[in-house]
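No experiment lies behind these values; they were computed from the predicted model shown.
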Amino acid sequence: MFDIQEELKKLPDRPGVYLMHDKNDTIIYVGKAVNLKNRVRQYFRASHNEGMRKDQMVKLIDRFEYIITDSELEALVLECNLIKEHRPKYNILLKDDKTYPYIKVTLGETYPRVLFSRQMKKDKSQYFGPYTSATAVKDTIELLQKLYQLRTCNRNLPRDTGKERPCLNYHIHQCEGACQGYISPQDYQEKIKKALDFLSGNYKPMIEELQQNMQAASANMEFEKAMEYRDLINSVRQISEKQKVTNSDGEDKDVIALAKDDRDAVVQVFFVRDGRLIGREHFYVTINVGDTTQQILTSFIKQFYAGTPFIPKEVMLQTKIEEEDVIAQWLSSKRGQKVYIRVPQKGLKEKLVDLAQKNARLVLNQDKERLKREEGRTIGAMKEIAKILDLPGISRVEAFDISNTNGFETVGSMIVYEKGKPCRSDYRKFKLRTVTGPDDYASMHEVLTRRFTHGLEEKKERSEKHLDQAYGSFTKFPDLIMMDGGRGQVNIALQVLDELHLSIPVCGMVKDDFHRTRGLYFNNVELPIDRDSEGFKLITRIQDEAHRFAITYHRSLRSKEQVHSVLDDIPGIGPTRRKALMRYFQSIDAIRSATIDQLCEADSMNEKAAQAVYAYFQEKAAQKAKPEE
């Protein structure tokens with residue numbers, strides 16, 4: 001039994017992080033303290049007022065734990081990580097969890113490539129970004145590859161030079177054939193230098209060069225070629241016009257401002273890179289009654305920069321934040337250079353912050369109705385389903401489905417919806433182990449038994465080891481199980497739960513004769529649903545998603561099995577030769593009809609392997625032609 005008053009006496013006079021748990025052992029709040037003893041005790045003093053929402057939280061605290069650190073900076077880093085991992089109910093939470101794209105130039109390679117990347121690593125590559133539009137990044141990369149005929153393959157050059165035939169890009173004159181050694185590393189590096197110059201914002205030389213080429217092609221009556229150059233010039237201009245110059249200091253900045261009302265907040269971030277405003281992004285933040293602009297910005301900055309690899313030299317804000325010195329120290333340590341947090345008071349910088357705030361206010365006003373509709377489609381729909389089933393509340397729903405073809409490669413799917421939205425990280429696939437033949441009930445019994453047995457075992461293991469990490473997809477049980485079917489499937493689920501001594505509501509998603517959702521089967525009664533309601537639409541989405549996920553997994557297994565049965569059973573044909581044969585001949589039928597000499601033309605094939613393939617298909621053909629006795 002956890003005695004809060006006794007545990008409060010044990011708190012150390014040290015900096016650290018504290019975690020508040022409710023009676024279900026769910027982490028509901030994560031906080032940081034310069035002095036754990038003083039800070040945590042404040043929550044439990046009758047005279048202390050943390051605000052209405054925090055006061056509600058205190059009533060739910062069943063126990064707390066803490067982790068000491070050597071400094072307030074370490075506590076800040078740990079707090080950010082824990083909030084991102086557990087997403088506690090009573091913390092101010094950043095709803096969006098986005099990663100921004102970069103353009104990566106692999107300068108560590110003899111023949112560098114220009115690639116799309118979601119991460120900026122400490123390697124020999126040079127990175128440009130981050131950018132807010134993945135489409136713009138892909139368009140830029142495609143333009144550079146087309147203009148400078150850069151390679152797109154992932155071959156290890158010069159080690160693999162000449163080992164394989166050149167790809168299609170070489171034949172359509174969009175690659176110089178670096179894989180064949182047709183261009184020297186020195187000449188290729190000149191092309192890369194021009195690409196780097198372009199990515200650094202120097203567009204003028206490229207446009208001038210393209211204009212000269214267009215005029216020369218036109219003078220030579222090569223009008224189609226001239227049109228290609230004209231289109232490339234337009235592409236370069238479109239990309240260059242997307243970048244608006246904000247100042248001439250050439251530094252990296254993030255401009256952050258927010259707008260809020262009683263229940264919602266929108267944070268607007270302007271990204272300034274090398275003195276250019278390359279884009280903007282807005283984020284929705286859940287807030288509590290009484291949260292100040294200062295508190296919201298502080299929480300946003302911690303979570304936002306904990307999840308992005310790029311830290312700018314300067315962060316410009318509309319108002320001062322809490323813990324400014326320690327946050328600036330943390331950002332500086334992440335960047336490896338001094339980071340400045342400033343609140344500009346005049347000039348262009350102040351106008352830029354004001355512009356960001358106006359954009360945030362515009363988004364907040366425009367999106368209010370959309371957010372209400374989205375909430376109706378998700379949380380509101382969950383409430384409708386709970387009302388139909390007469391359940392106190394539903395947050396997490398798990399749905400299951402079975403897929404097979406006459407019992408072949410039977411698989412099961414588990415999909416998860418939380419607060420009306422798919423939680424794809426918790427989806428799970430099951431390949432049946434004990435069931436043979438098309439027996440959906442037995443298959444579902446195995447899937448459900450494995451799912452909940454796994455969860456019970458993990459919970460027991462964590463309990464024995466006194467582990468407090470967040471629940472995973474198996475240890476966190478649903479508020480409702482939805483079966484793809486009626487009475488039979490529901491009874492199977494109830495049987496499994498009874499065998500495991502679990503009590504979880506189970507309903508069936510019943511379809512009509514036209515395979516459309518008709519209603520819910522619950523407590524031996526089929527409950528009708530208004531087909532125009534958001535609850536009905538959510539049930540349909542859940543049912544379709546469970547079916548799609550199972551079918552996709554089954555098709556992948558079936559495809560692998562078909563490839564295996566035809567090629568992998570041939571002596572001397574392993575994965576490398578199988579891929580080489582499929583790449584060269586494109587189909588099994590073409591391999592089946594090929595001669596030994598033709599088979600030898602594929603990469604990695606020798607005469608012995610070709611004879612084995614030829615003999616295998618000849619034997620199969622003879623067996624098929626042999627009359628039945």
Side-chain angles (χ1 to χ4, degrees), residues 95 284 366-404 411-428 440-441 443-444 447-448 451 477-497 503-555:
K95 290 184 180 178
Y284 297 98
Q366 289 180 341
D367 282 11
K368 254 189 182 313
E369 289 302 316
R370 185 188 66 79
L371 290 172
K372 287 180 181 177
R373 289 196 302 270
E374 179 65 19
E375 186 172 308
R377 291 181 70 253
T378 54
I379 297 174
M382 281 290 204
K383 289 179 179 177
E384 285 184 24
I385 295 172
K387 186 176 180 180
I388 292 169
L389 301 178
D390 195 24
L391 295 175
I394 301 172
S395 176
R396 181 183 174 97
V397 169
E398 292 182 4
F400 298 83
D401 194 15
I402 299 295
S403 178
N404 67 68
V411 299
S413 70
M414 165 185 145
I415 67 155
V416 180
Y417 270 62
E418 286 192 343
K419 296 181 179 180
K421 295 182 180 180
C423 183
R424 292 187 172 84
S425 61
D426 284 1
Y427 284 17
R428 290 296 180 267
D440 283 357
Y441 288 164
S443 300
M444 187 60 73
V447 168
L448 291 170
R451 182 262 177 273
F477 285 0
D479 303 308
L480 176 67
I481 298 172
M482 303 187 81
M483 307 299 297
D484 186 36
R487 181 195 300 267
Q489 293 286 12
V490 169
N491 287 339
I492 288 294
L494 292 172
Q495 178 186 338
V496 171
L497 294 174
S503 178
I504 301 173
V506 182
C507 72
M509 297 177 286
V510 185
K511 291 186 177 181
D512 59 21
D513 295 337
F514 299 98
H515 211 63
R516 293 177 300 195
T517 306
R518 183 177 69 198
L520 292 178
Y521 181 82
F522 185 65
N523 288 341
N524 296 316
V525 178
E526 184 176 322
L527 304 172
I529 311 175
D530 179 5
R531 288 179 176 268
D532 294 324
S533 69
E534 291 297 342
F536 179 84
K537 294 173 184 176
L538 177 59
I539 291 167
T540 302
R541 290 197 297 272
I542 291 173
Q543 193 169 34
D544 291 344
E545 179 69 354
H547 188 60
R548 179 203 65 80
F549 191 57
I551 286 290
T552 302
Y553 181 42
H554 180 255
R555 283 175 179 165

Quiz: residues 382-394 side-chain donor-acceptor pairs under 3.5 angstrom, not counting sequence neighbours:
residue : atom : partner : partner atom : Å
Glu384  : OE1  : Gly535  : N            : 2.8

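- Among all heavy-atom pairs drawn from Asp426 and Met414, the shortest one is O-CE, 3.6 Å.
- Tested against Val397, the residues Leu480, Ile539, Leu538, Val416 include a single side chain to side chain contact (heavy atoms under 4.5 Å, CB included) partner, Leu480.
- For the atom pair CD1 (Ile415) and CG (Asp401), the distance works out to 9.0 Å, reported to the nearest 0.5 Å.
- Between the side chain of Asp479 and the backbone N or O of Ser395 there is at least one donor-acceptor pair closer than 3.5 Å.
- Closest heavy-atom contact between Phe536 and Arg531: CD2-O, 3.3 Å.
- Of all heavy-atom pairs spanning Met444 and Ile402, the tightest one is CE-CG1, 3.6 Å.
- In this structure, OH on Tyr441 lies 7.5 Å from CD1 on Ile492, to the nearest 0.5 angstrom.
- Listed for the Ser413 side chain is a donor-acceptor partner under 3.5 Å among the backbone atoms of Ala546.
- The nearest pair of heavy atoms linking Ile504 to Leu497 is O-CD1, 3.4 Å.
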Discussion item. Set out, in order, the CA-CA distance, both residues' side-chain angles and the distance that settles side-chain contact (heavy atoms from CB on, under 4.5 Å) for Arg451 and Phe477, then state yes or no.
Written reply: CA-CA 10 Å; Arg451 182 262 177 273; Phe477 285 0; 3.6 Å; yes
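- Scanning all heavy atoms of the two residues, the minimum distance from Arg428 to Phe549 falls at O-CE2, 3.4 Å.
- Going from atom OG1 of Thr378 over to atom CD of Glu418 covers 12.5 Å, rounded to the nearest 0.5 Å.
- Looking at Gln489 and Tyr521, their side chains never bring a donor and an acceptor atom within 3.5 Å of each other.
- Annotation: the span from Gln543 atom CD to Met483 atom CE amounts to 11.5 Å, rounded to 0.5 Å.
- The two residues Ala493 and Leu448 have their closest heavy-atom pair at CA-CD1, 3.5 Å.
- Atom NZ of Lys537 is separated from atom CD1 of Ile542 by 14.5 Å, given to the nearest 0.5 angstrom.
- Of the residues Arg487, Arg518, Lys511, the one that meets the salt bridge (charged side-chain N to carboxylate O under 4.0 Å, His left out) test with Glu526 is Arg518.
- With hydrogens and angles disregarded, no donor-acceptor distance shorter than 3.5 Å links the side chain of Glu545 to the backbone of Pro422.
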